[in-house]
Asker: 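One structure is given below, represented as structure tokens, and several questions about it will come after.
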Amino acid sequence: MSEQAAASGTVNGYERGGHKRRRDLLEFCVTYGLIAIAVWTPLPWQRWLSLAALIWVLLATWLSFDGWRVMGFRVTHFWRALWVVAAALLLAAAAACVAAWLGTLHAPGSAALFLARYWSYTIWAFLQEFLLLNFFLLRLLRLLPSRTAAAMVATGLFALVHLPNPILTPLTFLWGYAACLIFLRYRNIYMPALAHAILGICIAVTIPGPVDHNMRVGLGYLTYRQHGRPQPSDHRSQIDQTVSTRAWVTAEAPTRRSLRQARP
């Protein structure tokens, strides 16, 4: 190969790399911006922002598809990473014991009711991990100089969308960083998603709704009112938030702990 051809190939490689980085940055900023805005937007506008974010995420994922293995959709290292779920179960069991001793445990009365109430949250936990790990972390790995920097930035931004909730914000920072390290170690998304679901449900059944405002974030946290108390009409339809914003998921929140506590 001649020097001119080699130089041309190098330039083309730099151009392709620069184009990929610019596209990563655009996809990252638009997605996070839509989510952050939706967190602080009242209904019904939140639904439109949620739909816009969902369409954008699907389009960007399709256009910049990294491959199923890179995204962690594989069974490789599944059993080696199973300890993550076991650790989450142990933490949840310990928290449930403490909550029972304090009198704050409010789990559903039967397995059927438990599944009916929290199956949708399990899906939501998976979607959150997809955003954190597959969408944000993978792009930050290409934009930043080190894996540690990418994990820290992804974690910080993940925690920011949980403001001003004083319970969820630090917890999601800790878990977000752990999830990033687990994903980078095993490149498997299933284990972090399952652990996220376990820990999120644990928070839902151990912490009273009035304490964490039914796990709301953003505007929903500030406009939270216990059931039975008057609410301003302009915020009556503000949806609950669960562990992270439902910025592009408009289903009802899986828990209504305040309502259950109000029952005799």
Side-chain angles (χ1 to χ4, degrees), residues 32-51 53-54 92 95-96 98-99 102-108 113-114 116-125 127-128 131-132 156-176 196-264:
Y32 190 81
L34 287 172
I35 293 174
I37 294 172
V39 171
W40 294 96
T41 302
L43 293 173
W45 301 108
Q46 188 183 68
R47 291 196 180 98
W48 292 107
L49 285 171
S50 300
L51 180 61
L54 175 59
V98 173
L102 295 174
T104 62
L105 184 65
H106 44 274
L113 184 59
F114 186 92
R117 185 164 293 162
Y118 293 115
W119 70 268
S120 60
Y121 177 78
T122 303
I123 297 175
W124 172 231
L127 292 175
Q128 289 185 78
L131 276 175
L132 173 64
L157 294 175
F158 182 59
L160 279 177
V161 295
H162 293 80
L163 290 172
N165 193 306
I167 294 177
L168 295 186
T169 302
L171 289 180
T172 51
F173 182 85
L174 294 174
W175 166 248
H196 186 142
I198 292 168
L199 296 174
I201 294 172
C202 173
I203 294 173
V205 301
T206 57
I207 300 178
V211 175
D212 64 358
H213 291 196
N214 275 355
M215 301 170 72
R216 297 184 183 189
V217 299
L219 185 62
Y221 181 88
L222 297 179
T223 59
Y224 169 81
R225 298 292 187 277
Q226 287 184 251
H227 289 276
R229 294 185 180 181
Q231 298 188 56
S233 58
D234 57 336
H235 294 307
R236 190 178 303 148
S237 61
Q238 183 68 30
I239 63 174
D240 285 359
Q241 306 294 327
T242 54
V243 177
S244 180
T245 175
R246 288 188 181 268
W248 47 279
V249 177
T250 58
E252 288 295 324
T255 61
R256 290 293 184 272
R257 291 171 298 180
S258 295
L259 181 60
R260 294 200 303 273
Q261 290 170 356
R263 293 174 180 171

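Quick caveat, the model's predicted, so the values are computed rather than measured. Note that these values count all heavy atoms, side chains included, but never hydrogens, waters or copies made by symmetry.
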Asker: Ile203 versus Leu171: any side-chain heavy-atom pair under 4.5 Å?
Answerer: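 Counting from C-beta outward, Ile203 and Leu171 do come under 4.5 Å.
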Asker: Supply the atom-to-atom distance Leu168 CG to Phe173 CZ, rounded to the nearest 0.5 angstrom.
Answerer: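 Spacing of CG (Leu168) from CZ (Phe173) equals 15.0 Å.
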Asker: Rounded at 0.5 Å granularity, tell me how far CG in Leu160 sits from OG1 in Thr172.
Answerer: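 Those atoms lie 9.0 Å apart.
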Asker: Using the side chain to side chain contact (heavy atoms under 4.5 Å, CB included) criterion, which residues pair with Leu222? Sequence neighbours excluded.
Answerer: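 Checked Leu222 against side chain to side chain contact (heavy atoms under 4.5 Å, CB included); matches are Trp40, Pro164.
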Asker: Are the side chains of Leu51 and Arg47 in touch, meaning some heavy atoms are under 4.5 Å apart?
Answerer: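 Answer no - side chains too far apart.
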Asker: Is there a side-chain contact between Thr41 and Trp48, using heavy atoms and a 4.5 Å cut-off?
Answerer: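 SC-SC contact between Thr41 and Trp48 ruled out.
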Asker: Quick check: closest heavy atoms across Ile198 and Ala92, and the distance to 0.1 Å?
Answerer: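 In this case the closest contact between Ile198 and Ala92 is CG2-CB, 3.9 Å.
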Asker: Judged by atom type as modelled, is there a donor-acceptor pair below 3.5 Å linking the side chain of His106 to the main-chain atoms of Ala204?
Answerer: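 Yes; at least one donor-acceptor contact below 3.5 Å.
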Asker: Could you go through the side-chain contact (heavy atoms from CB on, under 4.5 Å) check for Trp124 and His196 one step at a time?
Answerer: CA-CA 10 Å; Trp124 172 231; His196 186 142; over 6 Å; no
Asker: Strictly distance-based, threshold 3.5 Å: is any side-chain N or O of Asn214 a donor or acceptor partner for the main-chain N or O of Arg216?
Answerer: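 Between the backbone of Arg216 and the side chain of Asn214 there is no qualifying donor-acceptor contact (under 3.5 Å).
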Asker: Looking only at heavy atoms, which two atoms of Pro108 and Arg117 are closest? And how far apart?
Answerer: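 For Pro108 and Arg117, the tightest heavy-atom pair comes out as CG-NH1, 3.7 Å.
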Asker: Is it true that a side-chain atom of Thr169 and a backbone atom of Pro166 form a donor plus acceptor pair closer than 3.5 Å?
Answerer: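 Pair absent, no side-chain N/O of Thr169 close to backbone of Pro166.
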Asker: Judged by atom type as modelled, is there a donor-acceptor pair below 3.5 Å linking the side chain of His213 to the main-chain atoms of Tyr221?
Answerer: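 Yes.
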Asker: Have a look at Tyr32 and tell me which of Leu157, Leu131, Ile37 forms a side chain to side chain contact (heavy atoms under 4.5 Å, CB included) with it.
Answerer: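 The option that passes is Leu157.
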Asker: Do the side chains of Leu219 and Val39 get nearer than 4.5 Å, heavy atoms only?
Answerer: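 No, their side chains stay 4.5 Å or more apart.
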Asker: Is there a side-chain contact between Val217 and Val161, using heavy atoms and a 4.5 Å cut-off?
Answerer: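 Counting from C-beta outward, Val217 and Val161 never come under 4.5 Å.
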Asker: How long is the gap from CG on Leu49 to CG on Leu43, to the nearest 0.5 Å?
Answerer: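 Leu49 CG to Leu43 CG: 10.5 Å, rounded to 0.5 Å.
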Asker: Under 3.5 Å, is there a donor-acceptor pair between the side chain of Thr104 and the main chain of Thr206?
Answerer: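 Flag set: sc Thr104 to bb Thr206 pair under 3.5 Å.
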Asker: Rounded to the nearest 0.5 Å, how far does CD1 of Ile123 lie from CD of Gln128?
Answerer: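 Going from CD on Gln128 over to CD1 on Ile123, the span is 13.0 Å.
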Asker: Measure from the side-chain N and O atoms of Asn165 to the backbone N and O of Asp212, and report whether any donor-acceptor pair falls under 3.5 Å.
Answerer: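 Yes.
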